Amino acid sequence: MSLAFPAVLLLLPLPWLVRHFLPARAPAMASLAVDAAAFAAAAPSGLRHDPASALLRAGAWFALVLALAGPRVPTPMSLATASGREIILALDLSGSMAKTDFVLDGRPLSRLDAVKAVAARFIAGRQGDRVGLVIFGDRAYVAQPPTFDVASTARAIDTLQIGISGLSTAISDGLGLAVRRLSRSDAKSKAVILLSDGIDTSGKVLASDAAQLAARHGIRVHTIALGPDDLESKPDASDAVDIAGLRATAAAGGGASFRVRTLDDLVDVAATLDRLEPNPMRRLPALYWRSLWMWPAAAALILAALLALLPAMGRRA
């Protein structure tokens with residue numbers, strides 16, 4: 001604890017100095033002289049000078065001076081000022097995202113649930129960034145406009161369900177919608193993180209063309225290919241991911257491409273994206289002073305009230 005105005009403590013000996021060094025004022029002449037014996041019954045019983053009264057006066061004065069000195073304690077406070085960065089997650093919600101080929105703590109997990117578990121943690125750590133969410137299936141929708149309230153975006157991801165945007169995979173539509181939203185932003189740094197587990201089956205343009213458009217607007221495009229099988233290694237596999245197409249999309253958008261087969265891979269991707277899109281808001285917490293003056297002020301008030309009640313208590317005794 002420290003004091004905001006420690007020099008105020010110099011006032012502590014003021015009552016003693018006044019009492020001992022200030023010359024006593026001569027009493028004014030009364031217009032009517034009355035024998036002091038007439039007021040003997042109404043005179044104070046001496047409580048104003050007894051030890052209890054002196055202790056209460058000293059305590060009240062000390063508490064009042066301490067309150068004026070401004071006692072305070074430092075309290076850490078995390079800063080979350082704007083970073084000037086805007087990120088949109090474009091997530092595939094096609095029917096294949098319901099496949100349970102991931103494992104968490106020994107139990108099977110759907111692709112969508114795996115993405116929810118990792119993406120929500122990734123977003124929660126983006127304090128200071130504006131983060132939005134685009135989902136796509138047959139069509140693309142903005143599920144959460146870019147916002148500094150990253151917790152609300154994380155909650156939006158947690159409520160996603162297969163089928164709300166159709167069961168096909170319109171990758172280029174999802175990417176195009178994310179780019180369109182970011183192109184209107186005045187953020188200094190803009191990025192799209194595109195996650196898909198399939199092939200573009202209903203997009204109207206190539207995803208790589210949408211990524212080129214993003215690059216012209218200063219928007220980086222990172223892609224994540226999700227699933228155990230891909231067209232390069234198993235071209236006849238059901239629900240194989242077009243890893244070559246996503247790699248080309250990332251290259252056209254000036255970003256990085258990732259291959260995810262397991263939940264651990266997905267966690268590593270989130271950590272890598274943190275390094276690729278660093279958050280400058282991660283800094284030591286600031287300190288602010290929490291004032292405590294109200295406690296000694298309350299003590300001074302209580303002691304003053306006791307001092308005022310002491311004569312009445314003495315008379316009853």
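Values reported hereafter were calculated over all heavy atoms of this structure, with side chains retained and with hydrogens, waters and symmetry mates removed. What you see is a predicted model, and the numbers here were worked out from it, not measured in a lab.
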Just checking, any donor-acceptor pair under 3.5 angstrom between side chains of [X] and [Y]?
{"X": "Ser185", "Y": "Arg130", "value": "no"}
{"X": "Thr147", "Y": "Asp149", "value": "no"}
{"X": "Thr100", "Y": "Ser110", "value": "no"}

Nearest-0.5 Å distance, [atom1] of residue [X] to [atom2] of residue [Y]:
{"X": "Thr153", "Y": "Asp158", "atom1": "OG1", "atom2": "CG", "result": "12.5 Å"}
{"X": "Asp242", "Y": "Arg247", "atom1": "CG", "atom2": "CZ", "result": "9.5 Å"}
{"X": "Leu56", "Y": "Ile302", "atom1": "CG", "atom2": "CD1", "result": "12.0 Å"}
{"X": "Thr272", "Y": "Phe258", "atom1": "OG1", "atom2": "CZ", "result": "5.5 Å"}
{"X": "Arg184", "Y": "His217", "atom1": "CZ", "atom2": "NE2", "result": "11.0 Å"}

Please check if [X] and [Y] belong to a single hydrophobic cluster, counting links between Ile, Leu, Val, Met, Phe, Trp and Tyr side chain heavy atoms closer than 4.5 Å.
{"X": "Val179", "Y": "Tyr141", "value": "no"}
{"X": "Leu195", "Y": "Ile157", "value": "yes"}
{"X": "Ile243", "Y": "Ile199", "value": "no"}
{"X": "Ile88", "Y": "Leu273", "value": "no"}
{"X": "Leu11", "Y": "Leu66", "value": "yes"}

Notebook entry, point to check: Between Lys99, Arg259, Arg111, which is the residue that forms a salt bridge (Lys or Arg N to Asp or Glu O under 4.0 Å) with Asp197?
Noted result: Arg111
Answer yes or no: is there a side-chain heavy-atom contact under 4.5 Å between [X] and [Y]?
{"X": "Asp209", "Y": "Ser172", "answer": "no"}
{"X": "Leu89", "Y": "Ile87", "answer": "yes"}
{"X": "Asp173", "Y": "Phe136", "answer": "no"}
{"X": "Leu226", "Y": "Met97", "answer": "yes"}
{"X": "Glu86", "Y": "Leu182", "answer": "yes"}
{"X": "Leu160", "Y": "Leu133", "answer": "yes"}
{"X": "Val192", "Y": "Leu175", "answer": "yes"}
{"X": "Leu91", "Y": "Val134", "answer": "no"}

Exercise: identify the closest heavy-atom pair between [X] and [Y]:
{"X": "Leu93", "Y": "Leu112", "value": "CD2-CD1, 3.6 Å"}
{"X": "Ala214", "Y": "Val221", "value": "CB-CG2, 3.8 Å"}
{"X": "Ala252", "Y": "Ala215", "value": "O-CB, 3.6 Å"}
{"X": "Thr223", "Y": "Ala250", "value": "OG1-CB, 3.5 Å"}
{"X": "Arg220", "Y": "Ser189", "value": "NH2-OG, 2.9 Å"}
{"X": "Pro296", "Y": "Pro71", "value": "CG-CG, 4.1 Å"}

Check: Just wondering, more than 12 heavy atoms not from Phe62 lying within 6.0 Å of its CZ?
Finding: no
Next item on the list: Go through the steps to decide whether Phe122 and Ile193 satisfy the test side chain to side chain contact (heavy atoms under 4.5 Å, CB included), and finish with yes or no.
Entry: CA-CA 12 Å; Phe122 169 77; Ile193 300 174; 3.7 Å; yes
Check: Does the pair Leu3 and Arg72 meet the rule for a side chain to side chain contact (heavy atoms under 4.5 Å, CB included), with working shown?
Finding: CA-CA 6 Å; Leu3 299 176; Arg72 57 186 185 174; over 6 Å; no
Next item on the list: With side chain to side chain contact (heavy atoms under 4.5 Å, CB included) as the test, would you mind laying out the steps for Phe148 and Asp129 before giving the verdict?
Entry: CA-CA 6 Å; Phe148 289 116; Asp129 292 350; over 6 Å; no
Next item on the list: Would you sort out whether Thr249 and Ser208 count as a side chain to side chain donor-acceptor pair (under 3.5 Å), showing the intermediate values?
Entry: CA-CA 4 Å; Thr249 300; Ser208 56; 5.3 Å; no
Note to self: Run Ser94 and Asp92 through side chain to side chain donor-acceptor pair (under 3.5 Å) and show every step you take.
What the structure shows: CA-CA 6 Å; Ser94 60; Asp92 185 348; 2.8 Å; yes
Margin query: Under a 3.5 Å distance rule, please check whether Trp61 uses its side chain to pair with a backbone N or O of Leu12 as donor and acceptor.
Written below: yes
Next item on the list: Output all residues satisfying salt bridge (Lys or Arg N to Asp or Glu O under 4.0 Å) with Arg181, sequence neighbours left out; order by chain, then residue number.
Entry: none
Next item on the list: Apply side chain to side chain contact (heavy atoms under 4.5 Å, CB included) to the pair Ser183 and Lys190, showing each step before the final yes or no.
Entry: CA-CA 9 Å; Ser183 64; Lys190 296 177 279 191; 5.7 Å; no
